[in-house]
Amino acid sequence: MTNDVKESFSGGAPPAPAALAAKVRTLAPSMTRSMQRVAEAVAGDPAGCAALTVTGLAELTGTSEATVVRTARLLGYPGYRDLRLALAGLAAQQQSGRAPAVTADIAVDDPIADVVAKLAYDEQQTLADTAAALDTVQLSAAVGALVGARRIDIYGVGASSLVGQDLAQKLLRIGLIAHAHTDPHLAVTNAVQLRSGDAAVAITHSGSTGDVIEPLRVAFDHGATTIAITGRPDGPISQYADHVLTTSTARESELRPAAMSSRTSQLLVVDCLFIGIAQRTYETAAPALSASYEALAHRHNPRTR
């Protein structure tokens, strides 16, 4: 686990029970192996673990009481007692609902109908996990920063660059000045021009992509408000982000790489940002959207020209 992982509870309301499994999936890769055992145990059997004392859970997972408490705090709970209450709530929710019908990884010889069903289930789970774990206070603050920005720079590479381009074109259509930079050199040289009153958005699932971290650091150092959309809120990117929006991902497999599931959750966050901005700027955003639709109408119906 890196030094950036916050092992102490940072205040605010603990995560809702429904968000617990999503938090475990998001944070487990950055935990120590002993903390992973605790996290996997509580996510895998919330009812059973809710009945255990801190000593009992430590014995079950082959760890120490201190490890159990640290894991609870890393997951967002002030102490183990609060985690047990969340586990009891999660267990009750699971008992009242039905278990998912599709859980297996995609196999190389799966019929296409099974591929569709499995992908659909994984996409739904990814979206649900992202929605459950998304900090709406951070989201609202990010929306406010983008609404008031003189200029918005967006950084991403690979699959994340596609998400960045989607955000940029959405913002442009409602009249904001936004540019998505996929070339890392151009991203840095543009970031140098940012100042207080500007905003920069970095999109990186791993939270450690150097070509995304560098321009965000430059933007941060020059006084711009910075936003990170990442699946690893404990990653290096968070050092240079005023606001962190956490995404979740489905389970990886040989035929479903991280880029697929991360893109799904990133697009949800981007859409939340866009709708939030459009709501706050409705008087100008609505006419701008109408104008863009009208400008392209003849391309969809050539007979109108």
Side-chain angles (χ1 to χ4, degrees), residues 1-8 10 22-23 25-31 74-76 126 129-130 133-146 149 152-168 178-192 194 198-249 252 257-259 261-270 272-273:
M1 181 175 62
T2 67
N3 292 331
D4 294 322
V5 176
K6 299 177 179 61
E7 293 187 4
S8 59
S10 57
K23 289 276 279 187
R25 278 189 283 270
T26 298
L27 296 176
S30 62
M31 294 178 179
L74 178 58
L75 291 173
T126 296
D129 285 353
T130 299
L134 191 58
D135 187 329
T136 54
V137 173
Q138 288 285 304
L139 177 63
S140 181
V143 167
L146 295 177
I152 301 166
D153 276 14
I154 304 167
Y155 317 124
V157 297
S160 295
S161 73
L162 302 176
V163 178
Q165 292 173 48
D166 181 71
L167 175 58
H179 303 283
H181 301 286
T182 57
D183 182 293
H185 293 174
L186 288 176
V188 172
T189 56
N190 277 272
V192 170
L194 298 181
D198 297 326
V201 181
I203 306 173
T204 164
H205 170 62
S206 69
S208 58
T209 306
D211 285 341
V212 177
I213 292 175
E214 186 177 7
L216 192 73
R217 177 188 60 78
V218 172
F220 180 84
D221 290 344
H222 281 76
T225 300
T226 52
I227 300 163
I229 300 175
T230 179
R232 302 286 182 264
D234 56 300
I237 193 74
S238 64
Q239 298 178 51
Y240 309 109
D242 295 306
H243 309 294
V244 178
L245 305 178
T246 304
T247 59
S248 183
T249 60
E252 285 187 59
S261 52
S262 64
R263 181 196 60 209
T264 299
S265 53
Q266 289 167 354
L267 286 171
L268 174 60
V269 174
V270 161
C272 290
L273 283 172

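The model shown is predicted, which means the values in this text are computed figures rather than measured ones. Hydrogens, waters and symmetry mates are skipped; everything else that's a heavy atom, side chains included, is used.
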Trainee: Give the minimum heavy-atom separation between Ala200 and Ala219, together with the two atoms involved.
Mentor: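 Minimum heavy-atom contact is CB-CB, 3.7 Å.
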
Trainee: Do you know which two heavy atoms are closest between Gly235 and Ser238, and how far apart they sit?
Mentor: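 Distance-wise, the nearest heavy atoms are O-OG, 2.8 Å.
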
Trainee: Main chain of Val212, side chain of Thr204: is a donor-acceptor contact present, judged purely on distance under 3.5 Å?
Mentor: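 No: the side chain of Thr204 does not pair with the backbone of Val212.
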
Trainee: With the side chain counted from C-beta on, respond yes when Thr230 and Thr247 share a heavy-atom pair under 4.5 Å apart, and no when they do not.
Mentor: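 They are not in contact (no side-chain heavy atoms under 4.5 Å apart), so the answer is no.
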
Trainee: Using side-chain contact (heavy atoms from CB on, under 4.5 Å) as the criterion, list what pairs up with Asp135, not counting sequence neighbours.
Mentor: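 In terms of side-chain contact (heavy atoms from CB on, under 4.5 Å), with neighbours along the sequence ignored, Asp135 is linked to Val137, Gln138.
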
Trainee: Nearest 0.5 Å, please: how far is OG1 in Thr225 from CD1 in Ile152?
Mentor: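 One finds 10.5 Å between CD1 of Ile152 and OG1 of Thr225.
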
Trainee: Taking all heavy atoms of Pro215 and all of Ala191, pick out the closest pair and write down the distance.
Mentor: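 Pro215 and Ala191 have their closest heavy atoms at O-CB, 3.4 Å.
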
Trainee: Thr126 versus Arg263: any side-chain heavy-atom pair under 4.5 Å?
Mentor: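 No; the side chains remain at least 4.5 Å from each other.
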
Trainee: With side chains defined as the heavy atoms from C-beta onward, is the minimum distance between Ile203 and Ile154 less than 4.5 Å?
Mentor: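 Yes - at least one pair of side-chain heavy atoms lies under 4.5 Å apart.
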
Trainee: How close do Ala228 and Ile237 get, counting heavy atoms only, and between which atoms?
Mentor: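 Of all heavy-atom pairs spanning Ala228 and Ile237, the closest is CB-CG1, 3.9 Å.
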
Trainee: Tell me, do Pro236 and Ser208 make a side-chain contact under 4.5 Å, heavy atoms counted?
Mentor: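 Yes, at least one pair of side-chain atoms sits under 4.5 Å.
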
Trainee: For the CG atom of Leu194 and the CG atom of Asp221, what is their distance to the nearest 0.5 Å?
Mentor: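 Atom-to-atom, Leu194:CG and Asp221:CG are 11.5 Å apart.
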
Trainee: What pair of heavy atoms forms the shortest contact from His205 to Gln266, and how long is it?
Mentor: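 Scanning both residues, the minimum pair turns out to be N-NE2, 3.7 Å.
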
Trainee: Do Leu139 and Cys272 come within less than 4.5 Å of each other through their side chains, counting heavy atoms only?
Mentor: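 Contact flag for Leu139/Cys272 side chains = yes.
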
Trainee: Measuring from atom OG1 of Thr246 to atom CZ of Arg232, what distance do you get when rounded to the nearest 0.5 angstrom?
Mentor: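 Atom-to-atom, Thr246:OG1 and Arg232:CZ are 10.5 Å apart.
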
Trainee: Distance alone, cut at 3.5 Å: any donor-acceptor contact between the side chains of Thr182 and Ser161?
Mentor: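 Thr182 vs Ser161: no donor-acceptor pair found between side chains.
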
Trainee: Working to the nearest 0.5 angstrom, can you tell me the gap between Tyr155 OH and Ile227 CD1?
Mentor: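 Interatomic distance, Tyr155 OH to Ile227 CD1, rounded to 0.5 Å: 11.5 Å.
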
Trainee: Could you give the distance from CD (Glu214) to OG1 (Thr209), rounded to the nearest 0.5 Å?
Mentor: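 Answer rounded to 0.5 Å: 12.5 Å.
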
Trainee: Could you work out, with side-chain contact (heavy atoms from CB on, under 4.5 Å) as the rule, every residue matching Thr136, not counting sequence neighbours?
Mentor: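 By the side-chain contact (heavy atoms from CB on, under 4.5 Å) rule, Thr136 matches no residue at all.
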
Trainee: Using side-chain heavy atoms (C-beta onward) and a distance below 4.5 Å, is Leu273 in contact with Val143?
Mentor: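 Heavy-atom side-chain distance check passes, below 4.5 Å.
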
Trainee: If you round to the nearest 0.5 Å, how far is CD of Gln239 from CG of Leu216?
Mentor: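 The distance works out to 11.0 Å.
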
Trainee: Among residues at least two apart in sequence or on other chains, which ones pass side-chain contact (heavy atoms from CB on, under 4.5 Å) with Thr189?
Mentor: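 Thr189 satisfies side-chain contact (heavy atoms from CB on, under 4.5 Å) with Leu186 once adjacent residues are dropped.
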
Trainee: Run the side-chain contact (heavy atoms from CB on, under 4.5 Å) check on Asn190 and His179 step by step: do they pass?
Mentor: CA-CA 10 Å; Asn190 277 272; His179 303 283; over 6 Å; no

Trainee: Which heavy atom in Phe220 sits nearest to a heavy atom in Tyr240, and how many Å separate them?
Mentor: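 Here Phe220 and Tyr240 meet closest at CD1-O, 3.3 Å.
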
Trainee: Could you tell me if the side chain of Val269 sits less than 4.5 Å from the side chain of Val163, heavy atoms only?
Mentor: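 No, their side chains stay 4.5 Å or more apart.
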
Trainee: Do the side-chain N and O atoms of Asp242 and Thr226 include a donor-acceptor pair separated by under 3.5 angstrom?
Mentor: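 Yes - a donor-acceptor pair under 3.5 Å links their side chains.
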
Trainee: Met31 versus Leu74: any side-chain heavy-atom pair under 4.5 Å?
Mentor: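 Contact flag for Met31/Leu74 side chains = yes.
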
